[in-house]
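Proteins come first, then strands; the chains are lettered A, B, ... in the order of their sequence lines, and each starts at number 1. Hydrogens, waters and symmetry mates are skipped; everything else that's a heavy atom, side chains included, is used.
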Amino acid sequence: MTSKPSSIALLSAALGMLAAGCASSSKPPTEQLAATTASERAAEEVGATTMPQAAYHLQLAKEQTEHAQLLMKKHENARAKSVLERAQADAELALAMARADQERAEAQGALDRVRALQKSN
Amino acid sequence: MKKAVIATIACALGGIAGCAHNPPQELIEARQNYATVSSGPAATVAPAEVHKARESLAIAERAFLDDPDAQRTRDLAYVATRKAQIAQAIANREMEGRRKAQAEQFYQSKQGEMIQKVKGDLNQTKAQLREEQIRQSAALDQERQARAQAEQRAADADKRSKEMLEALDKMAQVKEEERGTVITLSGSVLFLTNEAILLPNAQVRLDQVAEALLTTPDRDVLVEGHTDSRGTESYNLDLSRRRAEAVRSYLVSRGYPVEHIRAEGIGKARPIAPNSTADGRANNRRVEIIISPKAKSEPH
């Protein structure tokens, strides 16, 4: 899809708008895009890529963000905004899951130390 | 929200007018996820997040009532599902954090206990060491004291003997012989010629001898009378015996134990000087007091 010339994309978007009766006439959701990509980065920083479930949701977020960007190129801004909301929810879930996993690992470490202490005593 | 619930019930019953649409899969999932998270521990552990999930679901339900088939409704339901899952993840994190804090607290208190125990053990060991040290030094002191006492006793005994000998030395001739310490008193100092009665001066002398003897009253003492060669054998024996007896009686009267002292007359049998000269004869007229080298339990 991305390899297609942009003029064709623009044309098809314009045709789409006409066909839908200018349903997506709202302005591009650039703020929502920025918020979503920020959430994705935050999830990556916390290590979402190393935990399978978090990585899955991060992947979903990224795919949907890409999809939203395509929609924006087609000027389907309302639809793009909605897809970005989905993407951000997935990114936030990835972040929360990664943090929970991190905490779980730390709790496990603390318990292991307690067991080692009890064993050594 | 209320409307949505009513609509849901209505649809479940089915066949009622105005309920032509089944909820999309996304909305069904959102409802299930919210039901799960709001009935679990998350409700108390992460109430703010559960609240957000409820609001998100309410928005999706309203959209469903407004436009059941719209993509927007499905998107909002999708987001509501994620919000419920986020609430669950945040609650999980919170619970893990509590578990961690508990473990850390337990670890610290346990560690503190162990440190206290080690300290206690150490103090006990120290106390035991100190006790042992005190006991040892007390034993050492006792030993040292006992040794010092023994040394003192030995020194005292030595000193007494020496003092006795020195005292005797001053008043008479004192010799160490095999039979013991021999004190020789001149006969002329003690008696008049041919007499066996002590002179007053002799008593003073003998008082000093008695005093010296009484420092070791457990020794056996022999008093021997000796004469020169003039006169008959029997006369000399008798005279020497009476003189020895006079000295013995006097020493007994001064307190020397009677069972430890006896008298003997030797006569002229054991001269210590030639009888051919006046000086020699004067030396031979004598009384010897022999103190046995060491105490004997039985008297002679």
Side-chain angles (χ1 to χ4, degrees), chain A residues 20 23-24 26 29 32 36 39 42-43 46 48 51 53-54 56-58 60-61 64 67-68 71 76-121, chain B residues 26 29-30 33 37 41-42 45-46 48-50 52-53 56-57 59-60 63 67 70-118 121:
Chain A
S24 302
S26 55
Q32 182 63 51
T36 303
S39 288
V46 174
M51 185 216 176
Q53 268 184 292
Y56 168 67
H57 285 286
L58 181 60
L60 284 180
Q64 290 176 110
H67 179 52
L71 289 169
E76 293 184 39
N77 289 333
R79 175 81 193 114
K81 186 169 183 287
S82 203
V83 172
L84 282 173
E85 280 171 16
R86 292 169 60 124
Q88 185 166 14
D90 272 306
E92 279 172 9
L93 180 57
L95 175 71
M97 280 177 157
R99 278 185 176 155
D101 191 53
Q102 208 173 38
E103 198 76 349
R104 189 197 54 73
E106 282 176 19
Q108 193 54 50
L111 278 173
D112 288 347
R113 278 197 298 281
V114 166
R115 264 185 220 111
L117 188 71
Q118 280 174 325
K119 211 186 246 180
S120 75
N121 195 10
Chain B
E26 284 90 340
E29 248 180 70
N33 273 286
V37 75
V45 172
E49 299 304 322
V50 173
K52 280 186 204 166
S56 187
L57 179 61
I59 289 166
D67 191 351
Q71 175 62 38
R72 179 66 182 151
T73 300
R74 292 214 294 276
D75 288 346
L76 287 171
Y78 181 95
V79 169
T81 296
R82 294 291 177 259
K83 292 286 180 192
Q85 288 169 331
I86 288 168
Q88 187 59 60
I90 285 171
N92 286 348
R93 185 194 179 196
E94 178 63 26
M95 287 187 287
E96 293 293 354
R98 288 179 191 183
R99 208 156 69 97
K100 181 175 80 173
Q102 238 171 18
E104 278 168 355
Q105 201 185 354
F106 183 78
Y107 182 86
Q108 263 164 16
S109 72
K110 193 83 191 165
Q111 204 177 35
E113 253 172 50
M114 280 166 73
I115 288 168
Q116 282 308 310
K117 189 180 174 296
V118 169
D121 286 353

Atom [atom1] of residue position [X] - does it have more than 12 heavy atoms of other residues, nucleotides or ligands inside 6.0 Å?
{"X": "B:Q102", "atom1": "CD", "result": "no"}
{"X": "A:Y56", "atom1": "OH", "result": "no"}
{"X": "A:Q53", "atom1": "CD", "result": "no"}
{"X": "B:Q71", "atom1": "CD", "result": "yes"}

Got a second to check how far [X]'s [atom1] is from [Y]'s [atom2], nearest 0.5 Å?
{"X": "A:H57", "Y": "B:Q85", "atom1": "NE2", "atom2": "CD", "answer": "5.0 Å"}
{"X": "A:R86", "Y": "B:L76", "atom1": "CZ", "atom2": "CG", "answer": "10.0 Å"}
{"X": "A:L117", "Y": "B:Q108", "atom1": "CG", "atom2": "CD", "answer": "11.0 Å"}
{"X": "A:Q118", "Y": "B:M114", "atom1": "CD", "atom2": "CE", "answer": "10.0 Å"}

- Apply salt bridge (charged side-chain N to carboxylate O under 4.0 Å, His left out) to B:K52 and list each qualifying residue two or more places apart in sequence or on a separate chain. B:E49
- Under 4.5 Å to a heavy atom of chain B? For A:L60 that would be side chain
Which heavy atom of [X] sits nearest to which heavy atom of [Y], and what is that distance?
{"X": "A:A100", "Y": "B:A89", "result": "CB-O, 3.5 Å"}
{"X": "B:I86", "Y": "A:A89", "result": "CD1-O, 3.6 Å"}
{"X": "A:Q64", "Y": "B:Y78", "result": "NE2-OH, 3.5 Å"}

- Message: What I want to find out is whether B:R99 reaches A:E103 closely enough, with some N-O distance under 4.0 Å, to be called a salt bridge.
- Response: no
- Residues B:R72, A:E85: salt bridge by 4.0 Å N-O rule: yes
- Side-chain contact, heavy-atom cut-off 4.5 Å: B:E96 with A:D101? no
- Message: Taking the side chain as everything from C-beta on, heavy atoms only, tell me whether B:R93 gets closer than 4.5 Å to A:Q102.
- Response: no
- Counting heavy-atom pairs under 4.5 Å to chain B, which of A:Q108, A:Q88, A:E106 comes out on top? A:E106
